[in-house]
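One-based numbering, in listed order, for ligands and for the atoms of each. Here, residue 1 is the first one in the sequence, and each next residue gets the next number.
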Amino acid sequence: MPDVLDLLERCHLPQDGVHACCATLLVAREAGRVIGCSALEIYGTVALLCSVAVDPASRSRGLGQALVLTQVKTSRRCGIQERYLLTETAPAFFQRLGFCLIERSAVAPAIYASVE
Ligand SMILES: CC(C)(COP(=O)(O)OP(=O)(O)OC[C@H]1O[C@@H](n2cnc3c(N)ncnc32)[C@H](O)[C@@H]1OP(=O)(O)O)[C@@H](O)C(=O)NCCC(=O)NCCS
């Protein structure tokens, strides 16, 4: 967890919610170092994808895509029907992976429980 918090800080992402989703935290490691992460906050049958980050030195190698698509695949298998995320920095990145832009008012109400 300290390595994940450090990575989130270096990627300028909030650290608040990540402790609550330890069970879904996925990390990429290289030579013992955490170089990528992603997590899911689960609210019944919907979930919020959060803490998607890749170390700047390891970007553009497909890690970000793998960290997102693995969460999508695993959560589908576990019965999660909808996945949301909030991003101010990378909308085009997520659109390429199948996410689409929606109004905040269209978000499933359960997601409002999230700190994010
Ligand atoms: C977004 C992020 C996770 C992508 O990680 P990555 O390992 O470089 O991703 P991939 O290698 O799978 O994909 C790279 C592609 O995504 C594109 N991309 C990367 N960041 C992008 C962004 N912010 N907006 C749009 N496209 C982006 C790259 O241009 C690259 O495109 P190419 O393949 O045509 O060259 C990484 O840039 C990051 O950690 N950013 C800071 C944290 C952040 O903004 N997280 C998302 C918000 S929750």
The protein heavy atom nearest to atom 41 (C) of ligand 1 is R59 NH2, 3.5 Å

Rounding to 0.5 Å, atoms OG (S51) and CD (Q71) come to a distance of 10.0 Å

Any side-chain to backbone donor/acceptor pair from E9 onto Q15? Under 3.5 Å, distance only.
no

Under 4.0 Å from a heavy atom of Q65: give me the atoms of ligand 1 that qualify, with their elements.
12 (O)

For ligand 1, is there an N or O atom under 3.5 Å from any N or O atom of G62?
yes

I'd like to know if R33 pairs up with D55 as an ion pair, taking the criterion as any Lys NZ or Arg NE/NH1/NH2 lying under 4.0 Å from an Asp or Glu carboxylate oxygen.
yes

Residues V115, E41; criterion side-chain contact (heavy atoms from CB on, under 4.5 Å); working and verdict
CA-CA 10 Å; V115 173; E41 290 178 28; 5.7 Å; no

For M1 and V18, what are the C-alpha separation, side-chain angles and deciding distance, and is it a side-chain contact (heavy atoms from CB on, under 4.5 Å)?
CA-CA 9 Å; M1 187 54 84; V18 72; 4.2 Å; yes

Provide the number and element of each atom of ligand 1 under 4.0 Å from a heavy atom of R61.
11 (O)

Could you tell me whether some N/O pair between G64 and ligand 1 is separated by less than 3.5 angstrom?
yes

Between T87 and ligand 1, which residue portion shows a heavy-atom distance shorter than 4.0 Å: side chain, backbone, both, or neither?
side chain

Any protein heavy-atom neighbour for atom 9 (O) of ligand 1 (distance below 4.0 angstrom)?
yes

Quick check on atom 12 (O) of ligand 1 - does any protein heavy atom sit closer than 4.0 Å to it?
yes

Set out, in order, the CA-CA distance, both residues' side-chain angles and the distance that settles side-chain contact (heavy atoms from CB on, under 4.5 Å) for V52 and L85, then state yes or no.
CA-CA 10 Å; V52 178; L85 67 96; over 6 Å; no

Purely on distance, is any nitrogen or oxygen of V52 under 3.5 Å from one on ligand 1?
yes

What distance separates Y84 OH from F94 CZ, expressed to the nearest 0.5 Å?
16.0 Å

Please report which non-hydrogen protein atom sits nearest to atom 25 (C) of ligand 1, along with the residue it belongs to and the distance in Å to one decimal place.
F93 N, 3.5 Å

Rounded to the nearest 0.5 Å, what's the gap from CZ on R83 to CG on L97? Could you check?
13.0 Å

Please state which option from S60, S38, S58 has its nearest heavy atom closest to atom 28 (C) of ligand 1.
S60

Considering only heavy atoms of A53, which atoms of ligand 1 have at least one such atom less than 4.0 Å away?
39 (O)

Of V27, L26, L13, the residue whose pairing with C37 passes side-chain contact (heavy atoms from CB on, under 4.5 Å)
V27

Just jot down the ligand 1 atoms closer than 4.0 angstrom to any heavy atom of A92, in number order.
25 (C)

At less than 4.0 angstrom from any non-hydrogen atom of L63, what atoms of ligand 1 do you find?
7 (O), 11 (O), 12 (O)

Please indicate whether R59 has more than 12 foreign heavy atoms, meaning atoms of other residues, nucleotides or ligands, lying under 6.0 Å from its CZ.
yes

Just need the protein heavy atom nearest to atom 23 (N) of ligand 1, so name the residue and atom and give the distance.
T89 O, 3.0 Å

At less than 4.0 angstrom from any non-hydrogen atom of V54, what atoms of ligand 1 do you find?
5 (O), 7 (O), 38 (C), 39 (O)

Looking at CG of L49 and OG of S75, how far apart are the two atoms once the value is rounded to the nearest 0.5 Å?
8.5 Å

Could you tell me whether R96 approaches ligand 1 through its side chain, its backbone, both or neither, with non-hydrogen atoms closer than 4.0 Å?
side chain

Under 4.0 Å and counting heavy atoms only, is there anything from the protein next to atom 35 (O) of ligand 1?
no

Closest approach of any protein heavy atom to atom 24 (N) of ligand 1, naming residue and atom
A90 CA, 3.8 Å

Determine, stepwise, if the pair R104 / L86 fulfils side-chain contact (heavy atoms from CB on, under 4.5 Å).
CA-CA 9 Å; R104 277 177 192 240; L86 175 71; 3.6 Å; yes

